[in-house]
Amino acid sequence: MKKILNDPEHYVAEMLEGLCAAHPEYYKQVGPQGRVIVLPNAPIKGKVGIVTGGGSGHLPIFTGYVGKGLLDAAAIGDVFCSPTADQIAEAMRQANSGAGVLRLYGNYGGDVMNFDMAGEMVEMEGIESTTVLVADDVASAPLEEMDKRRGTGGLVYAFKIAGAKADGHADLEEVTRVAQKAADACRSIGMALTPCTVPQAGKPGFEIGEDEMEMGMGIHGEPGVWRGKLKKADMIAAEMLELILADKPLKKGDRVSVLVNSLGATPSEELYISYRFIKSQLDKMGIEIVMPLIDRYATSMEMTGMTLTICLLDDELEHLLKAPCDCAFWKVGCYE
Amino acid sequence: MKKILNDPEHYVAEMLEGLCAAHPEYYKQVGPQGRVIVLPNAPIKGKVGIVTGGGSGHLPIFTGYVGKGLLDAAAIGDVFCSPTADQIAEAMRQANSGAGVLRLYGNYGGDVMNFDMAGEMVEMEGIESTTVLVADDVASAPLEEMDKRRGTGGLVYAFKIAGAKADGHADLEEVTRVAQKAADACRSIGMALTPCTVPQAGKPGFEIGEDEMEMGMGIHGEPGVWRGKLKKADMIAAEMLELILADKPLKKGDRVSVLVNSLGATPSEELYISYRFIKSQLDKMGIEIVMPLIDRYATSMEMTGMTLTICLLDDELEHLLKAPCDCAFWKVGCYE
Amino acid sequence: MSIFSKLLVIVHSGKSDAMSSGFTTEKLIQTINIMAAKMVKSSEELNQLDNLIGDGDIGITMKNGFRAMQEKTAQFPEDVGSAFMMCAQAFTSSRASSFATLFATGLMAAAKETKGMTEVPYNQIPKLLDAAIEKMALRGKSNLGDKTVLDEMAAIRGAIREAESDQSLIETVDNAAEKALHDFKNRPCRQGRARIFGDRTIGIDDPGMVVIRLLVQSLRDAEK
Amino acid sequence: MSIFSKLLVIVHSGKSDAMSSGFTTEKLIQTINIMAAKMVKSSEELNQLDNLIGDGDIGITMKNGFRAMQEKTAQFPEDVGSAFMMCAQAFTSSRASSFATLFATGLMAAAKETKGMTEVPYNQIPKLLDAAIEKMALRGKSNLGDKTVLDEMAAIRGAIREAESDQSLIETVDNAAEKALHDFKNRPCRQGRARIFGDRTIGIDDPGMVVIRLLVQSLRDAEK
Ligand SMILES: Nc1ncnc2c1ncn2[C@@H]1O[C@H](COP(=O)(O)OP(=O)(O)O)[C@@H](O)[C@H]1O
Ligand SMILES: Nc1ncnc2c1ncn2[C@@H]1O[C@H](COP(=O)(O)OP(=O)(O)O)[C@@H](O)[C@H]1O
Ligand SMILES: [Mg+2]
Ligand SMILES: [Mg+2]
Ligand SMILES: [Mg+2]
Ligand SMILES: [Mg+2]
């Protein structure tokens, strides 16, 4: 295991300690086992709180997106493990100013159960809350079973758009509505070239041949659509785009944002090579790209591979996407 | 070679095409073979132009730091190869508004020769220029031969600080002075766990055992101080800090910025684990950390490893470091 | 006669006995200890199984979860409901995973049913099991037949109902547990991480079902 | 008699001959073609050598550089100086690397010396070589003895000066080239990427020196 770490048991604790020490203006560590990260000035009076959570190992997701115009709190589990219900409940308490809390997270079984349980726990304390699940990975279930799909790059758009809406002091119903709208607007697909290693496991999560790739693989190494010889960048991008467009057709004149996201080891250079092709295809179709995101937004530690997300915009979503936000990993526009 | 690319011969061209297509507000592609990337509104009237250059494969370095409050133009070579003198000369022409041009780049033999040659070329055209070399890697030569050291993370501080100075419309002499001051204020050291592959070479740049690390390794895989068994994160950080402090002692009350930089594959989680320890050590010494930078600022594609840079600040450098800047990879503060 | 056997005997016969008229906190602790030993021993095997169609952690979950419960037993109150609640809390807070959450959900259901009781009549045990299955299904948004922990628990519940005699009860339950595993082996998992593997889960035991099967086995072995 | 041999003979004797009174653009093209073939053939071997103590690209540099020059030969003007200048430009613009820049610097020095001449008297060749070495040393901020291309060129320059007869000149130069390589083999590289490898470069030929040695060899072989 080629990782820079101390005891694998302390991986998450030390990571969070470093994160909060580096950026105290964005992240405050509280809650059971210190697994709740909250905006230092939360809860913000009159503002709907947005809470997320999930496993560690995906920075900037989840914790990293706690910030202005983004999330108010996140509950963070071990690497690739859900946070516990009481951690999530504490994140919700921290985020609640009385205006209610949106639970906004990815559709993974363990997370759903714990977020539901947490919701029930704080409900008894009088905290009103709603849920929006991001389930954007088209490779994880067919269209008929959309509700079984897992969440991936779409989380980034949902965080940004819901965060901007809450920033404007919309009420819980409105924030929930746009969060759901953003989640519904996104489709994603991933591909991987090499696995990553969960520190506590000590060995790679899967094996794959020296000349192989897997199309449609999930961010924890969940099996995808096919595994075979590594293809050329343009072929890969073309297929990813095709899989997304088959699921959510786009037409001339549509405006979309595109997220070309590295799973960790894949360098920016390769993301730009891929983006180049994706843009050329969308150009041909008469589809306009707005605010493309090309970097590491949702990773699996040192996994090699990338995900592509397309978010279909309308005026409302575009406006919210372009609104200011500020966290250690992502800044849009300016707060003044 | 597990890379997402088309023809290795077109790696750099396609990468630049994607970069400029994604962020036309920051990057315009001009010059011989399209290897000059320039701010769309350059040259900026009355402003000293800052030009850098170097090999591809290090994003955000070099091209990525063309932006407001940063660089005006960059000449970019093949992966790990210097740009040509005529590309550099063209970058200088593009950046020159008449206020002169600072050539600010890393101390690598090939680059120095080509920047010198370019300087001579444009001198005949009446473009005034100066040179500041960043040579911050303490592992690459002993203190007595400082001028032989290569440039690494210190480039980021030099770009930021010189860029802010030029942004304030200081003259060439002043911009050159603070650039040199920033370069002198930085010390860096790297370590690597796995190599990266130059696309045109098709195979990893070096070999290293499954349980080995190399301390002091350069960003192109240049040999370091020692190679041996992979140590724990805190031991690695302690040794890196020690090597830097032996070269540039710090005292109680000093203010520094710290850059913990991933070479590519090493995830943010591990950077934060390392930062945690570095901060605790500096805290003990009574040294204050200002604006820590913890991310991928200077990479070697998919290499696993990290570099540590310490930049000793005075009021002037701190002020310039915190001044606004804006490029696709790094935003500080706000332009309004 | 072991606690478990006695428990099952009495559950089945529907009559309480003078010596041990019900399930107490003390008996809960004994049960936990028996099961904990089995989970520690089987941890690696369970991880390996979960690794085939999941993330390879269910063994850690069970080991940590039972250890966390054991650490709390000294503070267990006489109130069986509160003791069950402490079990649930210990189990979830040790480590979040689908199974931990489901298991804790089941324990909470039992807690609700037994709140305020220092002795739970054995014949109420089937009710606890029913409550647990119901709440766990709600929590997991899953149905019987999805090849999950629920199917194994339902099989046990069924065996208790149908056992022909008091003496054969533990054997019947144990056989039912084994049979359910076998019956589901060649069906696909339709919940949790395993779902995504689809037909590749055919021929592989569901890790959650195996956990329950092992817990039953630990009680049967303790009786021998 | 080959061009190169004739060139050396005349350089050495200091007298020009009627048939071929000097070095012309045409002869430059012939020389480039001979050398280009050698560089194409040796490209992989040179890369491997550079890989030991550098970045493994000097073979590509030379192959591409000579090909770039060949692509320009059709447009070479009669003015030898301008032709040399076009060589320098072709060489640098094809690919930047230390060696390409140094080689181009040398070609530019030659260009300056021969500007406006359609025929360069052979006896001026040593002057061109001197100018190239001087400018290259300035460009590389390096000294003789650093185990670089400069040392190989200096050895050749020295051999021309000391050759005992016209006929033996090409042999003398070739031997000197070989000897210089041998003499420096067990010294450490003090410039370029190789410098960082320090004493590990002892026992390994400097790639830049080997390039020059191969170029000389190609001319000697062409004469046979
Ligand atoms: N939605 C669900 N409903 C019922 N049982 C489930 C559900 N999801 C998972 N399980 C059970 O949990 C087991 C996996 O537990 P665990 O390894 O803790 O999951 P994970 O690591 O994916 O969070 C499965 O074998 C299955 O029996
Ligand atoms: N500063 C220098 N002065 C003289 N010669 C140099 C210098 N740097 C490199 N060289 C020569 O160039 C050769 C390496 O060329 P090349 O492979 O193109 O370098 P790089 O790939 O490092 O840019 C060396 O073998 C040496 O002969
Ligand atoms: Mg599991
Ligand atoms: Mg798990
Ligand atoms: Mg080289
Ligand atoms: Mg090179």
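These numbers were taken from a predicted model, which means no experiment stands behind them. Letters A, B, ... are given to chains in the order of the sequence lines, protein chains preceding strands, and every chain is numbered from 1.
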Novice: Checking Met39(C) against Leu214(C) for the side-chain contact (heavy atoms from CB on, under 4.5 Å) test, could you report, in this order, the C-alpha distance in whole Å, the side-chain angles of both residues, the deciding distance, and whether it holds?
Specialist: CA-CA 8 Å; Met39(C) 289 297 101; Leu214(C) 292 175; 3.8 Å; yes
Novice: Can you tell me how far apart CZ (Phe103(C)) and CE (Met69(C)) are? Round to the nearest 0.5 Å.
Specialist: 5.5 Å
Novice: Find out whether Val134(A) and Cys186(A) are in side-chain contact, i.e. whether some heavy atom of one side chain is under 4.5 Å from a heavy atom of the other.
Specialist: no
Novice: Give the atom names and distances for all donor-acceptor pairs closer than 3.5 Å across chain C and chain A.
Specialist:
{"unit_1": "Ser98(C)", "atom_1": "OG", "unit_2": "Gly110(A)", "atom_2": "N", "d": "3.4"}
{"unit_1": "Thr101(C)", "atom_1": "OG1", "unit_2": "Asn114(A)", "atom_2": "OD1", "d": "2.7"}
{"unit_1": "Thr101(C)", "atom_1": "OG1", "unit_2": "Asn114(A)", "atom_2": "ND2", "d": "3.1"}
{"unit_1": "Arg139(C)", "atom_1": "NH1", "unit_2": "Glu120(A)", "atom_2": "OE2", "d": "3.0"}
{"unit_1": "Arg139(C)", "atom_1": "NH2", "unit_2": "Glu120(A)", "atom_2": "OE1", "d": "2.8"}
{"unit_1": "Arg139(C)", "atom_1": "NH2", "unit_2": "Glu120(A)", "atom_2": "OE2", "d": "3.4"}
{"unit_1": "Lys141(C)", "atom_1": "NZ", "unit_2": "Asp116(A)", "atom_2": "OD2", "d": "2.8"}
{"unit_1": "Arg193(C)", "atom_1": "NH2", "unit_2": "Phe80(A)", "atom_2": "O", "d": "3.2"}
{"unit_1": "Arg195(C)", "atom_1": "NH2", "unit_2": "Ser140(A)", "atom_2": "O", "d": "3.4"}
{"unit_1": "Arg195(C)", "atom_1": "NH2", "unit_2": "Lys148(A)", "atom_2": "O", "d": "3.0"}

Novice: To the nearest 0.5 angstrom, please state how far the CG atom of Leu169(C) sits from the CG atom of Asp174(C).
Specialist: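 Taking CG in Leu169(C) and CG in Asp174(C), the distance rounds to 11.0 Å.
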Novice: Check whether Pro83(A) gets within reach of chain C through its side chain, its backbone, both or neither, counting any heavy atom under 4.5 Å.
Specialist: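 Answer is backbone: N, CA, C or O of Pro83(A) sit under 4.5 Å from chain C.
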Novice: Does the plane of the ring in Phe91(C) sit parallel, tilted or perpendicular to the ring in Phe66(C)? Use 30° and 60° as the thresholds.
Specialist: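 Rings of Phe91(C) and Phe66(C): perpendicular, as their planes differ by over 60°.
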Novice: In Å and rounded to the nearest 0.5 Å, what is the CE to CZ distance from Met117(C) to Phe23(C)?
Specialist: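 It comes to 12.0 Å.
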Novice: Can you say whether Val112(A) sits under 4.5 Å from chain C via the side chain, the backbone, both, or neither, judging by heavy atoms?
Specialist: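 Contact with chain C is through the side chain of Val112(A) alone.
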Novice: Donor-acceptor pair, distance only, cut-off 3.5 Å: does the side chain of Lys27(C) make one with the backbone of Gly22(C)?
Specialist: yes
